[in-house]
There are 2 protein chains.
Amino acid sequence: MGKPVTTGRRAGLDRDDMVCAALALIEHEGPAALTMRRLAAALDVTTTTIYWHVGSRDELITEVIRHQSERQAGRPITGTTARERVMCAARHVWDNALDNRAITSLAHQTGTTSLLEHPLEVALGRELESAGLTGEPAARALRAILSTVGGLLVLALRNESTVPEEHRAPALWAATHGELAPATIAALTRPGDYEDLFTSTVQAVIDAHVPGPRD
Amino acid sequence: MGKPVTTGRRAGLDRDDMVCAALALIEHEGPAALTMRRLAAALDVTTTTIYWHVGSRDELITEVIRHQSERQAGRPITGTTARERVMCAARHVWDNALDNRAITSLAHQTGTTSLLEHPLEVALGRELESAGLTGEPAARALRAILSTVGGLLVLALRNESTVPEEHRAPALWAATHGELAPATIAALTRPGDYEDLFTSTVQAVIDAHVPGPRD
DNA sequence: GCGGGCACTTGAACACTGTCAAAGTTCGCC
DNA sequence: GGCGAACTTTGACAGTGTTCAAGTGCCCGC
């Protein structure tokens, strides 16, 4: 009947639909694509409608992060020794971040990483307690491990394509003559293996906090 | 004489003035204050003039970072053992970042951290070579130490005031009942001491890569 | 049946961002 | 004196988050 595209109760969308659409948008087109107008277009709605449901962009992002946070709980912890199980919990944080790069980046740049990873952090905390740590030592170990993983994630999730090639690490090292041995420069010019770096570095931090089976 | 505020060669500013003014603006009012219009106002000039001199905002930022990079070189390395000297070089990265939070944050969010810290990274590399590491092992040690420091900096430089109190880590831990021991929760609710965390965590990573005096 | 009020939606704006084309002015040099 | 290069400005464009006033549809009580 050629309904005039009018206003009023037609969309039938609620807050959850907004959050899910935002999540999909981020996953498919990256964090920068999360624009109120783009999200509105994806939902076939006006930006004002989104504001009515979610309040603001920050609230929307927080909700997206919280939603994702619930989805990434519950991977099983394996391993027999305490160190192995702690390592496994740490690797869950790492793996989940790499499996959901876009949302993790978004959480990182909005300062809501704690919110996103909290369930995984709790799991890590449990393993630390099983290993015999409580109170302050457990908190210190937890923070040390999480910040180490976080630092590695900054490297692994960095979107190289946004920064010109001549300012990226390999090019900088290639331009560094005379200060370091050629073999070292060569090694630094090659791209690093983040997986190896993760394993050895996190293991070192864990070993410094969690007593081994013979202690 | 009521000179008409005309156009033409009047400002007498060059590219370097733009960069310095941008640096000052960032240091005094934070990275978010670096806006082309604000910078133009600070220089008593139009945005187009800035574009004529520096090309684009990204180029301006790159130049600011490079400029700052040169300023933060040259702190002396102290210590007698190899591990002490490596630790000192790592601490230089840490201290410089904390002393220049605004610029470091900016570099971090534009992916130019490598550019900013490259001189300090070279110094760290030198100490690693003095400790007997070369080639791939040196590169691995360097990357491990830098990513660890980077992860700690993410924590230490995070601007807490931008994210609502109930989504910050202490509040999240305070809301976590039943999963962890009360003493652990209490320790996690208290704000952490980043200085301690830096020392112990970085030391652990260094010890894993750099042989001690008795080896 | 119908009218009031709530729930939702829209259109149009505001202030802000980076960026650019065109036009203007001033300067050094021939 | 005039020409061309080196700047500088005006004024716009497209995009961002956000809000206000005005709609429209629907349910509920009368």
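First the proteins, then the strands, lettered A, B, ... as listed; each starts at 1.
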Determine whether the side chains of [X] and [Y] contain a donor N or O and an acceptor N or O closer than 3.5 Å.
{"X": "A:Asn96", "Y": "A:Arg75", "answer": "yes"}
{"X": "A:Asp58", "Y": "A:Ser56", "answer": "no"}
{"X": "A:His209", "Y": "B:Ser200", "answer": "no"}

[X] [atom1] to [N] [atom2]: how many Å, rounded?
{"X": "B:Leu13", "N": "D:dC7", "atom1": "CG", "atom2": "C1'", "value": "11 Å"}
{"X": "B:Tyr51", "N": "D:dT8", "atom1": "OH", "atom2": "P", "value": "16 Å"}
{"X": "B:Asp58", "N": "C:dT19", "atom1": "CG", "atom2": "P", "value": "6 Å"}
{"X": "B:Ile50", "N": "C:dT17", "atom1": "CD1", "atom2": "P", "value": "12 Å"}
{"X": "A:Arg38", "N": "D:dG15", "atom1": "CZ", "atom2": "P", "value": "11 Å"}
{"X": "A:Asp17", "N": "C:dC8", "atom1": "CG", "atom2": "P", "value": "12 Å"}
{"X": "B:Leu43", "N": "D:dT9", "atom1": "CG", "atom2": "P", "value": "11 Å"}
{"X": "B:Leu60", "N": "C:dT17", "atom1": "CG", "atom2": "P", "value": "15 Å"}

Reported CG-to-OG distance for the pair B:Leu155 and A:Ser114, which is rounded to 0.5 angstrom: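 Result: 8.0 Å between the selected atoms.
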Spatial distance of atom CG (B:Leu34) from atom CG (B:Leu106) [nearest 0.5 Å]: 6.5 Å
A:His108 and B:His108 aromatic ring geometry - parallel, tilted or perpendicular at 30°/60° bounds: perpendicular
Nucleotide of D:dC7, C:dT19, C:dC8 approaching A:His53 most closely (side-chain heavy atoms): C:dC8
Nearest-nucleotide pick for B:Trp52, side chain only, options being D:dC7, D:dT19, D:dT9: D:dC7
B:Thr48 side chain near C:dC20 phosphate (N/O to OP1/OP2, under 4.0 Å):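 No, because none of the side-chain N or O atoms of B:Thr48 sits under 4.0 Å from OP1 or OP2 of C:dC20.
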Sequence neighbours excluded - side-chain hydrogen bond (donor to acceptor under 3.5 Å, both in side chains) pairs with any residue from residues 140-153 of chain A: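 Residue pairs passing side-chain hydrogen bond (donor to acceptor under 3.5 Å, both in side chains), neighbours aside: none found.
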Stretch residues 23-37 of chain B: residues that reach within less than 4.0 Å of DNA chain C through a heavy atom: B:Leu34, B:Thr35, B:Met36, B:Arg37
5'-most by nearest nucleotide on DNA chain D - B:Met18 or B:Thr47: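 Per heavy-atom nearest nucleotide, the more 5' residue is B:Met18.
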